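Just below is one structure, and these are the notes that go with it.
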There are 2 protein chains.
Amino acid sequence: MDRIEAMRAFVAVVNEGSFTRAADRLETSPQLVSKYVSQLETHLGVRLLNRTTRRLNLTEAGTQYHQRARQVLTDIDDMEHQLGDLQTQAQGLLRISAPVSFAIRHLAPLLSEFQKAHPAVGIDLQLNDRKVDIVEEGFDIALRIGHLKSSSLIAKRLAPVRLVLCASPDYLKQHGTPRRPEELGHHRYLQYSYMDIGPGHPLQKWLQAGGQESEGSMVSNNGDVLVEAAIAGAGIALQPTFIAGNAIREGKLKVILPEYEPQPMALYAVYAHRQLLASKVRGFIDFVDGFFGEAPYWDQF
Amino acid sequence: MDRIEAMRAFVAVVNEGSFTRAADRLETSPQLVSKYVSQLETHLGVRLLNRTTRRLNLTEAGTQYHQRARQVLTDIDDMEHQLGDLQTQAQGLLRISAPVSFAIRHLAPLLSEFQKAHPAVGIDLQLNDRKVDIVEEGFDIALRIGHLKSSSLIAKRLAPVRLVLCASPDYLKQHGTPRRPEELGHHRYLQYSYMDIGPGHPLQKWLQAGGQESEGSMVSNNGDVLVEAAIAGAGIALQPTFIAGNAIREGKLKVILPEYEPQPMALYAVYAHRQLLASKVRGFIDFVDGFFGEAPYWDQF
DNA sequence: TTCGTTATCAACAATATGTTTATAAATAAG
DNA sequence: CTTATTTATAAACATATTGTTGATAACGAA
């Protein structure tokens, strides 16, 4: 027996004053309503209604139960409606984790526009380059850059992330512009700590060597720093276009060996579940998807 | 799905922080708990828990739902316990309908003793000689005297009610004491409006005739009046012993034609249902049953 | 009375329930 | 780093329950 349905039946019978009318109201058969009420009575061990075929009278217990059952039912309805609204209206706090450099440069306008479209959604943006555990740490969405290994999480690809080798015109004038990967050997590599372009790539060897052998080399876990260093003429950096793009467009950096550009990585939105997604999350993903497109503005140089 | 059980499962999972422990607590299988929670989620259209195999985290919706669901569940539990108490403790107002003359003479001591045994039960005693509709008028019990025709009500026989023909010694001295029914013809009959001793009885003819033909006869719907009239020498009355008994014992009335005494009627407690009886009602019936016995004190003369 | 209405009962087919068995994922231990 | 253990879920299945249908009994009204 579904006690909630039984309670609903009982309350309907009391309100309508008849099993048949209650059944009409609940769009079911009088037989079922009768069954529900008797089951409820048996469950409670108390007679709720004195019924003749012609008239119904509440017992004392019935009166009390009716009172409180109605309250409980409206509570439940309220509760479910509230959740329904939460679901359809896209409200609540959206907790997002995002990579530091990307967020600083490109997330502000997106978030601002998103909030215009969904005023009831609050945003908590946590910048973090480590791989957060979105379930454990309570994030709704994590934006990630890289080649994602499969996991139980859902990852939606939002935009390509191109990596380019670049250096300042001054630096190139001074040290020469490499035309082939082999020529990189003597150059300074501004290394990003977590860079991984995959094995087998022509640049891979140099990249690894750069980190281990070169003297006076520079390593950072922040791409902005490396790009700034490259602009200042400190060496050659392999960095995503969403960081270097602006400097390239302004002529402060030159792209080197474009024909050897690594496979593009991608920007992903990572979230926990595909089904029963809160609509604030669903809404955000739909919103971000297509915001940058396959040729993002930061690649226009 | 029983939504209440599902809610209980969800709340248990949140409280215990694990499906398996929740299942232990609810004495069911983890599989079922899992099923319940997912059904609840599907029903609500919202994900309540983010679950990895190792840890559980509430979603925003889950937090809200948990809060309110716990409230609803305790409400329901309270409600049912309250009804349970009502059931076992015998409390509330007991509404009794009883015949006027009987109640006046014999009910006060009974009720007083009953209330000593069940202090939490209040009594509303309505005296009425008409046949009340106990369901319609909201009585818990009706005491009735007579030969009950079957009905959907339950009637419990509490005591025999003997009817005796009686008159005052003075009257009998003046008009003679009848020895055979035929001799009644010339006597005055103090008639009770609702008297019915059934067809075929030797006295039946005289009783009917008494109502229709005799001049100067007396009719009343109250037995006390008729007994008082008989004591005053107004004629012969056919009245129950619980009214006339006292006068007989005191010698104010003499019993006539005892060998023609009609089949005894009975005192019944009539109530609506045999099952799921409120314990105040159950208690009263048990109490009254046997209080008077097969040879009630009013028959001792 | 007889009729229409109403609650309930009984029986059945459709559905749902809870159990069992198996699988995948995540941590802990060796 | 692999193996074990714990945990949640999925699939499959026997059993119980549900809601429907048709029939019954009781009350009121004409």
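Sequence lines set the chain letters: A, B, ... in the order given, protein chains first and strands last, and positions in each chain run from 1. Everything quoted here is computed from the prediction, not taken from an experiment.
- In this entry the distance linking CZ of B:Arg47 with P of D:dA8 reads 13 Å, nearest Å.
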Only pairs under 3.5 Å count here: list side-chain donor-acceptor contacts from residues 9-28 of chain B, not counting sequence neighbours, and write none if there are none.
residue, atom, partner, partner atom, Å
B:Asn15, ND2, B:Val11, O, 3.4
B:Glu16, OE2, B:Arg25, NE, 2.7
B:Ser18, OG, B:Thr20, N, 3.1
B:Ser18, OG, B:Arg21, N, 3.1
B:Arg21, NH1, B:Glu16, O, 3.2

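- What separates CG of A:Asn57 from C1' of D:dC27 is a distance of 14 Å, to the nearest Å.
- Taking both residues in full, the closest heavy atoms of A:Leu40 and A:Leu48 are given as CD2-CD1, 4.0 Å, listed atom of the first, atom of the second, then distance.
- Counting only residues at least two apart or in different chains, ring pair (Phe, Tyr, Trp, His ring centres under 6.0 Å) contacts with residues 84-103 of chain A comprise A:Phe102-A:His106, A:Phe102-A:Phe242, A:Phe102-A:Phe292, A:Phe102-A:Trp298.
- Across all non-hydrogen atoms, the minimal contact from A:Asn128 to A:Val100 is N-CG2, 3.9 Å.
- By the salt bridge (charged side-chain N to carboxylate O under 4.0 Å, His left out) test, A:Arg51 pairs with A:Glu41, sequence neighbours left out.
- Within residues 3-17 of chain B, no residue places a heavy atom under 4.0 Å from DNA chain C.
- Atom-to-atom, CZ of B:Arg21 to P of D:dT6 comes out at 13 Å; the value is rounded to the nearest Å.
- Atom P of nucleotide C:dA25 and atom CG of B:Leu56 are separated by 18 Å, given to the nearest angstrom.
- Listed by chain and residue number, nothing satisfies the side chain to side chain donor-acceptor pair (under 3.5 Å) test with B:Gln67 (two or more places apart in sequence, or in another chain).
- Every residue two or more places apart in sequence or in another chain that forms a salt bridge (charged side-chain N to carboxylate O under 4.0 Å, His left out) with A:Arg95 is listed here: A:Asp124.
- Among residues two or more places apart in sequence or in another chain, the ring-ring contact (aromatic ring centres under 6.0 Å, His included) test is passed with B:Phe139 by none.
- Checking D:dT7, C:dT8, C:dT6 against every side-chain atom of A:Phe19, the shortest atom distance belongs to C:dT8.
- When the P atom of D:dA8 is taken as reference, atom CD of B:Glu41 falls 13 Å away, rounded to whole Å.
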What does the list of N/O pairs under 3.5 Å between the protein and nucleotides 17-19 of chain C look like, with a distance for each?
residue, atom, partner, partner atom, Å
C:dT17, OP1, B:Met1, N, 2.1
C:dG18, OP1, B:Tyr36, OH, 3.2
C:dG18, OP2, B:Tyr36, OH, 2.8
C:dG18, N7, B:Lys35, NZ, 3.0
C:dG18, O6, B:Lys35, NZ, 3.4

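- Comparing the end axes of the helix from C:dT1-D:dA30 to C:dG30-D:dC1, each fitted to five base pairs by superposing C1' atoms of four pairs onto the next four, gives an inter-axis angle of 30° (nearest 10 degrees).
- The ring pair (Phe, Tyr, Trp, His ring centres under 6.0 Å) contacts involving residues 28-53 of chain A comprise nothing, where partners must be two or more places apart or lie in separate chains.
- For A:Ser220, the side-chain contact (heavy atoms from CB on, under 4.5 Å) test picks out A:Asn222, A:Val225, A:Leu226, with sequence neighbours left out.
- Residues forming a side-chain contact (heavy atoms from CB on, under 4.5 Å) with A:Asp78 (at least two apart in sequence, or on another chain): B:Arg68.
- At C:dA7, none of the side-chain N or O atoms of A:Ser34 fall inside 4.0 Å of OP1 or OP2 (strictly under the cut-off).
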